[in-house]
Amino acid sequence: MTDFINVKDFSSESLRIYGEYSEVQLLRYFEPEPGIFIAESPKVIERALDGGYEPLSFLIEEGTGNKETDRIFARCGDTPVYTADRSVLLKLRGYSLTRGMLCAMRRRALPSVEDICRDARRVAVLENVMNPSNVGAIFRSAAALNIDGVLLTSGSSDPLYRRAARVSMGTVFQIPWTYFDKKEIWPKEGMNRLKKLGFQTAAMALCEDSLSIQDPRLKIPEKLAVVLGTEGEGLEKETIAECDYTVRIPMSHGVDSLNVAAASAVAFWELGKE
């Protein structure tokens, strides 16, 4: 049976996680075990539950329950549900951005690169993509456009950060993903690992010798990793040199490039085709 608990402030440890803790503090909450993340909105929370993530507690605005929230609570047994008046909730950092519902969830141990790539045909590699909104948007495109997994270098934003998960509409819980080992030298060792797993690599970059994304040669590889670089700077020169192909998206009207999230959608659509 759902246990509803009305609160007037957020001084207790069980509630401080919703407003006072930074993303990094949540990540390290159970260190050395995987920590916590905060999912917001019923759609994102449902997709996290579908992905097997364990809820620790909920926080919801008083009087805003509906069929959607009731369905979620029915799945979660006696997980505590904290309720508060909107005037109380607005004191929480960032609460005004939510859709009435938050859920603290336990992280899981990440799979290995080999686990992600074992049965994959197309994967995306994010090199130091630091903006959580871009990471979330890339995951949403990956889920929709035939990408089987996402690999991130250590400088990339965490896909389970609240904003990333929200922008992804919960697809971060549908697409398998992991980080390259921090001890692994990127790009050389990471690229070698991909090649041993049977992948050819395509760097999305604006170079004079880049292939058009529509080039038929890009349809040949059975397994292809699409490598995307950080906002503004793009991919490192060493990364481009390590890749089998360098690929560009033809532009018009004098535009030189797309935002990495927009570029990912075009790349996944074209390179993810059977």
Side-chain angles (χ1 to χ4, degrees), residues 1-111 132-133 135-137 139-140 143 157-177:
M1 182 176 178
T2 304
D3 184 15
F4 290 93
I5 306 164
N6 187 258
V7 297
K8 303 298 182 183
D9 62 60
F10 297 97
S11 57
S12 70
E13 177 63 24
S14 57
L15 290 170
R16 286 175 60 206
I17 57 176
Y18 287 105
E20 294 184 25
Y21 280 58
S22 68
E23 297 280 16
V24 173
Q25 287 174 307
L26 292 171
L27 177 64
R28 297 173 178 170
Y29 194 80
F30 293 123
E31 206 165 39
E33 298 299 317
I36 292 172
F37 66 94
I38 305 295
E40 64 177 64
S41 86
K43 182 177 289 294
V44 172
I45 292 166
E46 272 203 294
R47 285 182 170 167
L49 293 172
D50 291 343
Y53 287 87
E54 175 191 351
L56 300 176
S57 66
F58 294 93
L59 178 62
I60 187 170
E61 185 176 339
E62 202 169 14
T64 59
N66 53 42
K67 290 182 179 179
E68 197 172 25
T69 58
D70 290 346
R71 184 172 66 245
I72 290 171
F73 296 149
R75 296 179 61 177
C76 298
D78 57 359
T79 303
V81 179
Y82 298 101
T83 69
D85 183 83
R86 186 168 180 79
S87 62
V88 176
L89 291 172
L90 287 174
K91 296 175 184 177
L92 282 176
R93 181 179 60 200
Y95 185 79
S96 60
L97 299 176
T98 75
R99 297 186 178 179
M101 188 180 195
L102 298 174
C103 182
M105 309 190 92
R106 187 183 289 270
R107 287 174 176 264
R108 300 188 312 209
L110 291 176
S133 293
V135 170
F139 266 83
R140 191 172 182 183
S157 182
D158 192 317
L160 296 190
Y161 280 177
R162 191 164 148 185
R163 187 190 302 173
R166 180 178 71 236
V167 171
S168 82
M169 293 299 291
T171 55
V172 294
F173 308 114
Q174 296 176 303
I175 294 292
W177 62 274

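Numbering of residues begins at 1 and proceeds along the displayed sequence.
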task = Check each of Ile72, Asn66, Val44, Val81 against Met101 using the side-chain contact (heavy atoms from CB on, under 4.5 Å) test, and report the only one that passes.
result =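 Exactly one pass, corresponding to Ile72.
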Would you say the side-chain atoms of [X] pair up with the backbone N or O of [Y], donor to acceptor, closer than 3.5 Å?
X: Tyr18; Y: Ala104; answer: yes
X: Arg140; Y: Thr171; answer: no
X: Gln25; Y: Ser22; answer: yes
X: Trp177; Y: Val172; answer: yes

Within the structure provided, determine whether [X] and [Y] are in side-chain contact (heavy-atom separation under 4.5 Å).
X: Ile17; Y: Leu26; answer: yes
X: Ile5; Y: Thr83; answer: no
X: Glu62; Y: Ile60; answer: no

To the nearest 0.5 Å, how far apart are [atom1] in [X] and [atom2] in [Y]?
X: Thr69; Y: Glu46; atom1: OG1; atom2: CD; answer: 10.0 Å
X: Phe37; Y: Leu56; atom1: CZ; atom2: CG; answer: 9.0 Å
X: Ser57; Y: Leu15; atom1: OG; atom2: CG; answer: 7.0 Å
X: Gln174; Y: Ser168; atom1: CD; atom2: OG; answer: 8.0 Å
X: Lys43; Y: Arg166; atom1: NZ; atom2: CZ; answer: 15.5 Å

message = Looking at Arg107, I'd like to know if its CZ atom is crowded, meaning that more than 12 non-hydrogen atoms belonging to other residues, nucleotides or ligands lie closer than 6.0 Å.
response =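 Check passes, neighbour count above 12.
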request  = Answer yes when Arg75 and Asp70 have at least one side-chain N-carboxylate O distance shorter than 4.0 Å, and no when they do not.
outcome  = no
inquiry  = Can you tell whether the side chains of Glu23 and Arg162 come within less than 4.0 Å, N to carboxylate O?
reply    = no
Give the minimum heavy-atom separation between [X] and [Y], together with the two atoms involved.
X: Arg163; Y: Ser133; value: CD-OG, 2.9 Å
X: Phe173; Y: Ala165; value: CZ-CB, 4.4 Å
X: Val167; Y: Gly136; value: CG1-C, 4.0 Å
X: Met105; Y: Ala48; value: SD-CB, 3.5 Å
X: Cys103; Y: Ile45; value: CB-CD1, 3.6 Å
X: Pro132; Y: Ser157; value: CG-OG, 3.4 Å

message = Tell me whether the NZ or CZ atom of Arg108 lies within the 45° cone about the ring axis of Tyr53 and under 6.0 Å from its centre.
response =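 Here Arg108 passes the 6.0 Å and 45° test against Tyr53.
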ask   = Could you walk me through whether Met169 and Arg47 pass the side chain to side chain contact (heavy atoms under 4.5 Å, CB included) check?
value = CA-CA 9 Å; Met169 293 299 291; Arg47 285 182 170 167; 3.9 Å; yes
query = Are the ring centres of Phe58 and Tyr82 closer than 6.0 Å?
reply = no
inquiry  = Could you walk me through whether Val24 and Tyr161 satisfy the side chain to side chain contact (heavy atoms under 4.5 Å, CB included) test, starting with their C-alpha distance in whole Å, then the side-chain angles of each, then the deciding distance to 0.1 Å, before giving a yes or no?
reply    = CA-CA 9 Å; Val24 173; Tyr161 280 177; 3.8 Å; yes
